Structures are given as structure tokens and as C-alpha cells.
Amino acid sequence: MNMKQLKAEGKEKSATYRQLMGNKLQYQNMLSLYKIYGLLEEA
């Protein structure tokens, strides 16, 4: 299951959806830090 499927089924409050959202936010934050410190190659 992915976030789009869960959202389509109205399961935005499920534990799985919340866990996936938490992971997504954590990875976005990590990528932002990588960009700030020049650790990411630009596409």
C-alpha cells in the first residue's frame, strides 16, 4: 500500500498512513539538510 491508495480509501488516520507520512517528512528533512551542506549533486 502507498499513501495515495490509503488516502483514496479514506484512511488518512490509519497507523500505516501516519507512519508513511512520518517517513516522508523525515526523508524530506534529510534531503534539505544534504542540500544545505552541499552533499547532494544537482540533477
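Quick caveat: nothing in here was measured; it's all calculated off a predicted structure. No hydrogens, no waters, no symmetry mates; every other heavy atom, side chains included, goes into these values.
- In terms of hydrophobic clustering, with Ile, Leu, Val, Met, Phe, Trp and Tyr side chains grouped at heavy-atom distances under 4.5 Å, Leu31 and Leu39 are assigned to a common cluster.
- Here the CD-CG distance, from Gln28 to Leu33, works out to 12.0 Å after rounding to the nearest 0.5 Å.
- Residues Leu20 and Leu6 come closest through the heavy atom pair CD1-CD1, 3.9 Å.
- The OH atom of Tyr34 lies 4.0 Å from the CE atom of Met30; values are rounded to the nearest 0.5 Å.
- In terms of heavy-atom proximity, Met3 sits nearest to Lys24 at SD-CD, 4.2 Å.
- For the atom pair NZ of Lys11 and CE of Met1, the computed distance is 5.5 Å after rounding to the nearest 0.5 Å.
- To the nearest 0.5 Å, atom CG of residue Asn23 and atom CD of residue Gln26 are 6.5 Å apart.
- Of the candidates Gln19, Lys13, Met21, Met21 is the only one forming a side-chain contact (heavy atoms from CB on, under 4.5 Å) with Tyr17.
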